[in-house]
Amino acid sequence: LSFLTERLAIINTGKNILSEQLTVGTWGNISCCLTDNLVAITPSGIEYGLLRPEDIVIMQLNGKIIDGLKKPSSETGLHLAIYKQRPDIKALVHTHSPYASVFATLRQDIGPFLEDQVQIIGGTIKVADYALPGSNELNESVLKALGSRYGVILANHGALGGGRHLDEALLACRIIEKSAMTYALAANIGRPHALEPNIIEHLRSFYLEKYAPFGKKGRPR
Ligand SMILES: [Zn+2]
């Protein structure tokens, strides 16, 4: 089986988002780039615990399926649109995590309140304008709200984290959820303070270029 390591990493990420309660059931989806033109993505509607390596669908950036008998995730078009527009992003994890869902329903951005958020996401976590799942309108609104950052919230839907590899995309989803929880709690007590733009820029570039676990090449460990 080709790309076994990557297929297993996708399955493992699926088990993580389930066990960490970042999603429920079969919702959410996970993909990563294998080469400049090949993407691996979770199939539609299969429990993460039951996924086998051969169930992971491998396709070209134009959507042509190369390997896999299962139907690819219904959000495949969104993943491919992001990879085409953002060559710095090589992996995507989409969740329906609870606190991010709160901001998805409010359609309210999460300001740059925490250092880890601005390091890993790159600043404000914006909410993309609502559009139907699988539509071109959704691809466009998500790309617009994502900007040059690594995380975004889909209105009335869920969260999407990206990164230079799967571990970083999963980390982005965890940080989106923690930022949403922190903001929700903080706003209940008082008025959170946002970080200044020059501080955000400093923290983000330090993380991308020098932070040890992910290093300059963006590979873990
Ligand atoms: Zn979803």
| request: In sequence, state the C-alpha distance, the side-chain angles, and the governing distance for D116 and R174, and then conclude on salt bridge (charged side-chain N to carboxylate O under 4.0 Å, His left out). | output: CA-CA 11 Å; D116 55 6; R174 289 171 175 149; over 6 Å; no
| message | Could you check whether Y183 and Y99 have their ring centres less than 6.0 Å apart? | response | no
| query | Heavy atoms, side chains only, cut-off 4.5 Å: are I11 and Y48 in contact? | reply | no
| task | Kindly give the heavy-atom pair with the smallest separation between C173 and T95, and that separation in Å. | result | SG-CG2, 3.8 Å
| task | Spell out, yes or no, whether I41 and L61 are grouped together once hydrophobic residues are joined by side-chain heavy atoms under 4.5 Å, including indirect joins. | result | yes
| task | Compare all side-chain heavy atoms of I82 with those of L78 and state whether any distance is below 4.5 angstrom. | result | yes
| Do R86 and L146 touch side chain to side chain, with heavy atoms closer than 4.5 Å? | yes
| task | Please answer whether the main-chain N or O of Y207 pairs with a side-chain N or O of K210 as donor and acceptor at a distance below 3.5 Å. | result | no
| I30 with L4, same ILVMFWY side-chain cluster at under 4.5 Å | no
| field | Single-linkage hydrophobic cluster, 4.5 Å side-chain cutoff, I121 and V118 together | value | no
| said: Can you tell me how far apart CD (E20) and NZ (K15) are? Round to the nearest 0.5 Å. | reply: 14.0 Å
| task | State, to 0.1 Å, how close I58 and S2 come at their nearest heavy-atom pair, and which atoms those are. | result | CD1-OG, 4.2 Å
| Value rounded to 0.5 Å, distance of OG in S44 from CD in E75 | 10.0 Å
| Is there a donor-acceptor pair under 3.5 Å between the side chain of H157 and the backbone N or O of A104? | no
| query | Between D55 and K71, is there a salt bridge with N-O shorter than 4.0 Å? | reply | no
| Is there a side-chain contact between Q21 and E177 (heavy atoms, below 4.5 Å)? | no
| said: With a 4.5 Å cut-off on side-chain heavy-atom distances among I, L, V, M, F, W and Y, is there a chain of contacts connecting L166 to F3? | reply: no
| query | Where is the tightest heavy-atom contact between I89 and R149, given as atom of each residue plus distance? | reply | CD1-O, 4.1 Å
Distance-only criterion, 3.5 Å: show the donor-acceptor pairs between side-chain atoms of residues 192-201 and protein atoms not counting sequence neighbours.
none

| query | Quick one: does N62's side chain have a donor or acceptor within less than 3.5 Å of a partner on K64's backbone? | reply | yes
| message | I want to check something: taking the side chain as every heavy atom from C-beta on, are P72 and I65 in contact at a cut-off of under 4.5 Å? | response | yes
| Between N29 and S73, what is the shortest heavy-atom contact and its length? | ND2-OG, 3.1 Å
| field | Within one Ile-Leu-Val-Met-Phe-Trp-Tyr cluster: I110 and L203, side-chain cutoff 4.5 Å | value | no
| task | Enumerate the residue pairs fulfilling ring-ring contact (aromatic ring centres under 6.0 Å, His included) with a member in residues 56-82, sequence neighbours excluded, ordered by first and then second residue. | result | none
| query | Do T182 and L114 touch side chain to side chain, with heavy atoms closer than 4.5 Å? | reply | yes
| For H165 and A91, which heavy atoms make the closest approach, and how far apart are they? | C-CB, 3.4 Å
Just list the side-chain donor-acceptor pairs under 3.5 Å for residues 122-139, sequence neighbours left out, or say none.
residue	atom	partner	partner atom	Å
S135	OG	L132	O	2.6
S135	OG	L138	N	3.1

| message | The test is side chain to side chain contact (heavy atoms under 4.5 Å, CB included); show your working for I46 and T26 and say whether it passes. | response | CA-CA 6 Å; I46 301 180; T26 61; 5.7 Å; no
| Going through the distances and angles, do Y211 and F206 end up as a ring-ring contact (aromatic ring centres under 6.0 Å, His included)? | CA-CA 6 Å; Y211 186 61; F206 177 85; 7.0 Å; no
| task | Using the side chain to side chain contact (heavy atoms under 4.5 Å, CB included) rule, take D67 and R7 through it: C-alpha gap first, then chi angles, then the decisive distance, then the call. | result | CA-CA 12 Å; D67 188 14; R7 291 178 201 244; 2.5 Å; yes
| Validation row: S97, T23 side chains within 4.5 angstrom (heavy atoms) | no
| message | Quick check: do Y83 and L92 have side-chain heavy atoms less than 4.5 Å from each other? | response | yes
| said: Check whether Y150 forms a cation-pi arrangement with R164 (NZ or CZ under 6.0 Å from the six-membered ring centre, at most 45° off the ring normal). | reply: no
| field | Taking every non-hydrogen atom, the tightest pair across P53 and L8 | value | CG-CD2, 3.8 Å
| query | Taking the side chain from T35 and the backbone from L38, do they hold a donor-acceptor pair closer than 3.5 Å? | reply | yes
